[in-house]
Amino acid sequence: AGPATSSVQLYGRLDASINSVRFSGVGATPSSQRSFLSSDTSRWGVRGTEDLGGGLQAFFKLESGFNVDTGMPSNAAQYFNRETLVGLRHKDYGSLTLGSQFTPNIAMSLRIDPFQRSGMGAMLTLFQRGGAAGILGYAPMHNNAVMYVSPSLNGFVGKAMYAMGEGAAVGHAGSYALEYSRDRLFLGMVHDRLRSTGAAAGQPALASVNNRVTSLGASYDFRAFKLYGYWVKADVDGSFGMRGGFVGVKVPAGRGEVNAVYQVRNVDDPANSDARLFAVQYMHPLSKRTSLYTSVGHQSNKGNAAFGLWPSRTEANGNPARGADVRGFQVGMRHVF
Amino acid sequence: AGPATSSVQLYGRLDASINSVRFSGVGATPSSQRSFLSSDTSRWGVRGTEDLGGGLQAFFKLESGFNVDTGMPSNAAQYFNRETLVGLRHKDYGSLTLGSQFTPNIAMSLRIDPFQRSGMGAMLTLFQRGGAAGILGYAPMHNNAVMYVSPSLNGFVGKAMYAMGEGAAVGHAGSYALEYSRDRLFLGMVHDRLRSTGAAAGQPALASVNNRVTSLGASYDFRAFKLYGYWVKADVDGSFGMRGGFVGVKVPAGRGEVNAVYQVRNVDDPANSDARLFAVQYMHPLSKRTSLYTSVGHQSNKGNAAFGLWPSRTEANGNPARGADVRGFQVGMRHVF
Amino acid sequence: AGPATSSVQLYGRLDASINSVRFSGVGATPSSQRSFLSSDTSRWGVRGTEDLGGGLQAFFKLESGFNVDTGMPSNAAQYFNRETLVGLRHKDYGSLTLGSQFTPNIAMSLRIDPFQRSGMGAMLTLFQRGGAAGILGYAPMHNNAVMYVSPSLNGFVGKAMYAMGEGAAVGHAGSYALEYSRDRLFLGMVHDRLRSTGAAAGQPALASVNNRVTSLGASYDFRAFKLYGYWVKADVDGSFGMRGGFVGVKVPAGRGEVNAVYQVRNVDDPANSDARLFAVQYMHPLSKRTSLYTSVGHQSNKGNAAFGLWPSRTEANGNPARGADVRGFQVGMRHVF
């Protein structure tokens, strides 16, 4: 075994933008215009690795989301809300981690979302469990979780996560993924199973229900541009479900790049609460770590859908009335350290 | 362009003192003596800069206040309560920052307060919005703020800050400053405009009022001593206002220095709630980063004024009854890292 | 004086384990089996020292406990809940610290607990104030505390801590210790005095009572194994008290070590709420900083005692019914950075 090496790193990201948003009028609610300084998945953390010899490493991560605009934690109760984990990985046998962990959906989304989970076109709003999406979306994270990630075998990587219920009536969950990478192609599939209450997301109030979400994602780099696709279905026992997806593209433009996405989310509830999102962004790098960007987005809501535009939808007055549309313009700055 | 350089720094300050405080009797309330271990604007943070070439830099700051005596955050909801910001600065064009930011009052106070915003003579108690000063004081900080700071032009620096209301009924605010520095002279002026509710500070309950605060500050270094002066007026539409100020001095004494201040705060309310503070401190450096200090202070309160002595006034039993005076003795330690 | 040197360090520990626990049936409550992913005294912190010359140093510590399994702080209100202190130490005169500090019980326990305050055999559960032990245990920490630690004189070290009441009806506390170290022997004694309410721990509701706790600890390294012993008595004025202690052993085993402990806690309340704990652990180091471990434990509860097994007893469903026993199996990983 070679000499043991190790590192501990303090790291993070600050992303702040000015968002000018127009909510259309619906019923008795008149149209309105609002402006926000918003934070977009800003975070700080500590991570480290220790080389144990023979191809084995120990590693850990503590990461906390915060809002640049207010100094508030993204989640005050769960301060390290963006993974708190410790584990071992071996070059031949894969990795095993314990903690509060992102599901395999997050790793896949970073391969197939042209907006990389940030900005007006981020896939967070329409497809991620929580917020206005309620329980009809992929699960981003589980506490009390054990995860195994296989090594790459001919381009294939398998992942299995199990989150313990710990004696609670509603609780245990699983998330399983298969990914394939080769040259310019990426393909991924994630399947989530979890028990939850059906009270959220305009669902009828169900005591404890089985929730199943299956996602497929792909990207292919044609050099002149990169193409992205996503398809998802979410079902709740004894209630209605969701089908959705998007197509996206990334095009180099001078020093920067243009990203665009068109997203569709259909819910088979009586109100037919469908949503569509179209967003275009120009991202201009000042360095590898610092970028300026500008975006426009159009969110259309039907029935009871009330999706706002990311990231201003996380603000106190950032969401439209049910069935109202949202148009937005954004200019922002991102810095990674 | 030269080679890009960057730095990320973990930094902070711990300041703890033993405070022995005597509250005078007033009406039916007898006099009392209390002792506190108190923390004084202790904080930790992460800050960094990245050189982008051509005189342009990106920079950020995350800073959290905490209490050394209890381990509690100064502000649990707003964990990074001492600025959370990201921005760009150019040597010829000035800086633009986005985030939760100190108003220009804070930068000016560090130039004109002989106690440097700490210790029994700190200008925080009588003149800063919040605490017993209520809305009759300068605003220390705004969330959702954009700030521009000009480069220095013949010694003049201009600052303009705007904080968005984000759709809230009470909200948007502005703070504007002009500073002049030349050799041993500093002059500054800050003007705050903000909308707020008049419910705080013994004000009559007003739904939403315009609040205007204008401050002037100055310092001059006579070598044998340094002289400081401050004047402030705060007005609330449809209610009463405040006029105040201080004179202070810093005198080198052996390896250390002696600081003294006399502060006046007059409120034109029916009860005539005026306050006076006199404080003297000896600060003894053990190194550039570590100091020991001792202070005495006398706070006089009239009418409904109930100001305690900084920093023990932030404690659970740290404030006097209305109209009672406070005498205090302090010995403490400060360490910067 | 030599050149001044200083250091600031970001450090921490993550300890996560899978705990399978069986609660015995008692009365109408049937037996049950639960599994937990649990965090064991995980923490992160910042600490530093500054050499001031002439044998004098300034130092500080900020340390926050968190749960690896959920990302939540161990104590959300008191974020830096594992000491927040600043002080001076001199090689000839000892150290003086101000802040939120561990009592001398903690330093002693790290010398006499074979489980080093972690794992199923940790002395935290039965003997430390708080949790199911209520007020009948040693005090782990005081806020608003001043502590003096003497230098070592012929192997003897004295410690005195005083925590201010700060005007609260229930508050001030003291903790005093004497330790002796020589070659392979350690002896220690700690005496705590504090005022508290008797409402906790199944005590009758007393307004404000004197609480006295005396602890003795010892360890001796016989080379082939290391032997540990502890004895404690806790008394509350006008109510019942506790007597307890343990014997423990550490035995080298290959690259690792085996730890075992047998603990006794007797309470002289009418229900005779006694408890016994037996635990064995095998600790296997992968490096100086990373270890894997496995344990079994058996907690017996009589009367109103309802102690769970550490660390799963800190979880939502981690404690047994009153008088029920607990058997547990644990496998975990610890990483220090």
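Bear in mind that the values here come from a model prediction, so they are computed numbers and not experimental data. Reminder, nothing fancy here: chain letters follow the sequence lines and each chain counts from 1.
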Report yes if some heavy atom in the side chain of [X] is under 4.5 Å from a heavy atom in the side chain of [Y]; otherwise report no.
{"X": "L52(C)", "Y": "T290(B)", "result": "yes"}
{"X": "V86(C)", "Y": "R334(B)", "result": "no"}
{"X": "L85(C)", "Y": "L14(B)", "result": "no"}
{"X": "N143(C)", "Y": "D69(B)", "result": "no"}
{"X": "L98(C)", "Y": "V68(B)", "result": "no"}
{"X": "V146(C)", "Y": "I18(B)", "result": "yes"}

Tell me, out of L292(B), L286(B), N317(B), T70(B), who's got the most heavy-atom pairs with chain C below 4.5 Å.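 Result: the option with the highest number of such pairs is T70(B).
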Heavy-atom cut-off 4.5 Å, strictly under: side chain, backbone, both or neither for N19(B) against chain C? neither
Does the side chain to side chain contact (heavy atoms under 4.5 Å, CB included) test come out yes or no for Y79(C) and F66(B), once each step is laid out? CA-CA 9 Å; Y79(C) 185 76; F66(B) 62 86; over 6 Å; no
Could you tell me the separation between the [atom1] atom of [X] and the [atom2] atom of [Y], rounded to the nearest 0.5 Å?
{"X": "N144(C)", "Y": "S39(B)", "atom1": "CG", "atom2": "OG", "result": "10.5 Å"}
{"X": "M164(C)", "Y": "S20(B)", "atom1": "CE", "atom2": "OG", "result": "9.0 Å"}
{"X": "L37(B)", "Y": "H142(C)", "atom1": "CG", "atom2": "NE2", "result": "13.5 Å"}

Indicate yes or no for a side-chain donor-acceptor contact from E166(C) to the backbone of E315(B) under 3.5 Å, with no hydrogens or angles considered.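 Here the side-chain-to-backbone pair does not exist.
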Which atoms of A145(C) approach chain B - backbone, side chain, both or neither, heavy atom under 4.5 Å: backbone
Verify side chain to side chain contact (heavy atoms under 4.5 Å, CB included) between V46(C) and F337(B), making sure each step is shown before the conclusion. CA-CA 10 Å; V46(C) 183; F337(B) 70 92; 4.0 Å; yes
If I compare all heavy atoms of M333(B) with all of G87(C), which pair ends up nearest, and what's the gap?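 Smallest interatomic distance, heavy atoms only, reads CE-O, 3.2 Å.
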Looking at E50(C) and S287(B), what are the two nearest heavy atoms and their distance?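 Where E50(C) meets S287(B) most closely, the heavy atoms are OE2-OG, 2.6 Å.
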Is it the case that over 12 heavy atoms from other parts of the model lie below 6.0 angstrom from the CZ atom of R89(B)? yes
Would you find more than 12 non-hydrogen atoms of other residues, nucleotides or ligands less than 6.0 Å from R193(C) atom CZ? no
Can you label the angle between the H335(B) ring and the F60(C) ring as parallel, tilted or perpendicular, going by 30° and 60°? tilted
Most contacts with chain B, counted as non-hydrogen pairs under 4.5 angstrom, among N81(C), L88(C), L56(C):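 Heavy-atom pairs under 4.5 Å are most numerous for L88(C).
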Would you mind telling me which of A77(C), G48(C), A76(C) has the largest number of heavy-atom pairs within less than 4.5 Å of chain B?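 Heavy-atom pair counts peak at A77(C).
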